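Labels below follow one simple rule: chain letters A, B, ... track the order of the sequence lines, proteins then strands, and each chain is numbered from 1. Fair warning: this is a prediction, and the values are worked out from it, not measured in the lab. No hydrogens, no waters, no symmetry mates; every other heavy atom, side chains included, goes into these values.
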Amino acid sequence: MPELPEVETVARGLQGLVGKRITRVEVRRPKLVSVGPKTLSPKRQHSQLHTRAFQKALVDRRIAKVARRAKLIQFQLSGGWWILVHLKMAGQIVVQQKGQRRLLVRLLNSPHAQLEKMPSKHTHIIIRFTDGTLLYYNDLRLFGTWRAVRSADLSRVADLAAYGPEPLARNFSAKVLQAALRRRPNMPIKQALTDQTLLAGVGNIYADETLFAARLKPTRKVKSLKLADWSRLFTGLQKVLRHAIKTHGSSVGEFIRVDGSVGTYGRYHKVYDRKGKSCPRCGTPIRRMVLGGRGTHYCPRCQR
DNA sequence: AGAACGTCTCGGCCGC
DNA sequence: TGCGGCCGAGACGTTC
């Protein structure tokens with residue numbers, strides 16, 4: 001579920017953990033955790049050895065830094081270890097501050113969803129810090145991953161090594177964007193935008209919103225884009241991502257901030273999940289199609 | 001019933 | 001026939 005703006009929102013919300021020391025790690029779902037640069041084979045996932053190794057890598061270590069790369073949250077720990085967390089479709093990280101009486105969290109974004117007390121039946125990992133702060137990992141769909149990796153092995157983490165450029169990096173530009181996506185000249189631009197090895201962090205919502213902002217049809221082949229198209233794509237991409245981060249992301253599905261509150265960028269979606277509603281620019285009904293297996297929303301008049 | 005914001009694996013196809 | 005690149009389908013739990 002979460003894309004760059006949501007993961008960035010979570011990473012920023014976790015900055016308060018820097019300096020705290022882990023005292024206890026409870027793993028209720030061993031299949032979510034692994035140790036080392038390679039992902040665990042499904043066969044070994046149910047052994048308890050890797051759970052113990054995961055706990056051992058974390059316990060008694062201090063959080064030195066929390067950062068984001070693409071859609072990964074990176075905890076740098078003391079003692080040369082990192083934790084790489086991918087929330088996939090439905091992962092949530094919430095933090096209960098020391099002394100905070102209880103934490104209520106909406107596990108689903110449906111209007112009638114109940115607030116649930118932490119930990120809930122969807123809480124699969126609980127990390128306790130020496131000062132009493134608690135981190136809960138919730139995951140309705142059990143797709144998320146927590147990997148403990150030694151610093152020396154970071155370069156051997158396949159997905160991390162393969163990520164394309166960060167769209168909000170200081171040195172990112174229309175030229176960098178063009179060079180990155182042109183590695184797949186025949187791919188529809190929408191699919192290229194969401195390919196993490198070409199460009200980091202953009203998923204379905206922000207690809208649709210970016211292409212609307214850039215007035216480009218999602219099916220356009222990468223190689224068909226002209227100089228002016230690249231320029232609008234670059235500007236649209238940064239504008240959409242920056243606005244989404246400022247509003248703490250889109251709380252579609254299950255995304256929430258670390259204090260349990262929701263992001264409000266969903267209010268500003270111009271095409272995503274707006275099939276049949278009118279285009280905010282020209283009034284034409286928004287269309288939905290399937291591209292590369294994902295729902296794709298666009299204005300048939302504005303985007304060409 | 002069909003779809004959901006992510007990614008990985010597998011199998012088929014194309015071209016050298 | 002062999003190999004790599006490329007691409008689409010399916011799989012992964014669960015909920016509404």
key: Atom pair distance, as rounded to whole Å: NZ in A/Lys223 and C1' in C/dC6   = 14 Å
message = Looking at A/Arg183 and A/Asp195, is any side-chain nitrogen of the basic one under 4.0 Å from a carboxylate oxygen of the acidic one?
response = no
key: Short N-O contact, A/Asp153 and A/Arg147, less than 4.0 angstrom   = no
query = Taking the same atom, C1', in B/dT7 and in C/dC16, what whole-Å distance lies between them?
reply = 23 Å
Test item: side-chain donor near acceptor, A/Asp139 and A/Tyr137, under 3.5 Å = yes
ask   = How many Å lie between CD on A/Glu116 and P on C/dT14, as a whole number?
value = 14 Å
inquiry  = Tell me whether A/Gln74 contacts the main-chain N or O of A/Trp82 through its side chain, where contact means a donor paired with an acceptor under 3.5 Å.
reply    = no
query = Between A/Tyr265 and A/Tyr206, does the ring centroid distance fall short of 6.0 Å?
reply = yes
query = How close or far is atom P of B/dA3 from atom CD1 of A/Ile205, stated in whole angstroms?
reply = 17 Å
key: Nucleotide B/dA4, atom C1' - distance to CD of A/Gln92 in whole Å   = 15 Å
task = Quickly work out the A/Leu181 CG to C/dC6 P distance and round it to whole Å.
result = 14 Å
ask   = Please give, in whole Å, the distance from C/dT15 P to A/Asn138 CG?
value = 13 Å
message = In this structure, is the centre-to-centre distance between the rings of A/Phe54 and A/His50 below 6.0 Å?
response = no
ask   = Just how far, in rounded Å, is P of C/dC16 from CE of A/Met89?
value = 16 Å
request  = For A/Arg183, report the nucleic acid contact type (base, sugar-phosphate, nothing); a contact means any heavy atom under 4.0 Å.
outcome  = nothing
request  = Please map the stems of DNA chain C, keeping only stretches of three or more Watson-Crick or G-U wobble pairs with both distances under 3.5 angstrom.
outcome  = B:2-4 with C:14-16, B:6-16 with C:2-12
task = Enter the distance from A/Arg220:CZ to A/Leu225:CG here, rounded to the nearest 0.5 Å.
result = 5.0 Å
message = Between A/Asp208 and A/Lys190 (salt bridge meaning N to carboxylate O under 4.0 Å), is one present in this structure?
response = yes
message = I want to verify the glycosidic state of C/dG13; is it syn or anti under the 90° rule?
response = syn
query = Taking only side-chain nitrogens and oxygens of A/Gln196, does any of them come within less than 4.0 Å of OP1 or OP2 of B/dT7?
reply = yes
inquiry  = Tell me the interatomic distance from A/Glu3, atom CD, to B/dA4, atom C1', rounded to whole angstroms.
reply    = 12 Å
Check: protein-nucleotides 7-13 of chain C nitrogen or oxygen pairs below 3.5 Å:
from   : atom 1 : to       : atom 2 : distance (Å)
C/dG13 : OP1    : A/Lys31  : NZ     : 2.9
C/dG13 : O4'    : A/Arg141 : O      : 3.4
C/dG13 : N7     : A/Arg141 : NE     : 3.2

query = Can A/Glu166 and A/Arg68 be counted as an ion pair, charged N to O under 4.0 angstrom?
reply = yes
query = Quick one: is A/His86 getting a side-chain N or O under 4.0 Å of the B/dG6 phosphate, OP1 or OP2?
reply = no
note = Ranking B/dG6, B/dC8, B/dA3 by distance to the side chain of A/Lys71, first place goes to B/dG6
inquiry  = Whether A/Lys88 contacts B/dT7 is assessed here as follows: a side-chain N or O lying under 4.0 Å from the phosphate OP1 or OP2. Is that the case?
reply    = no
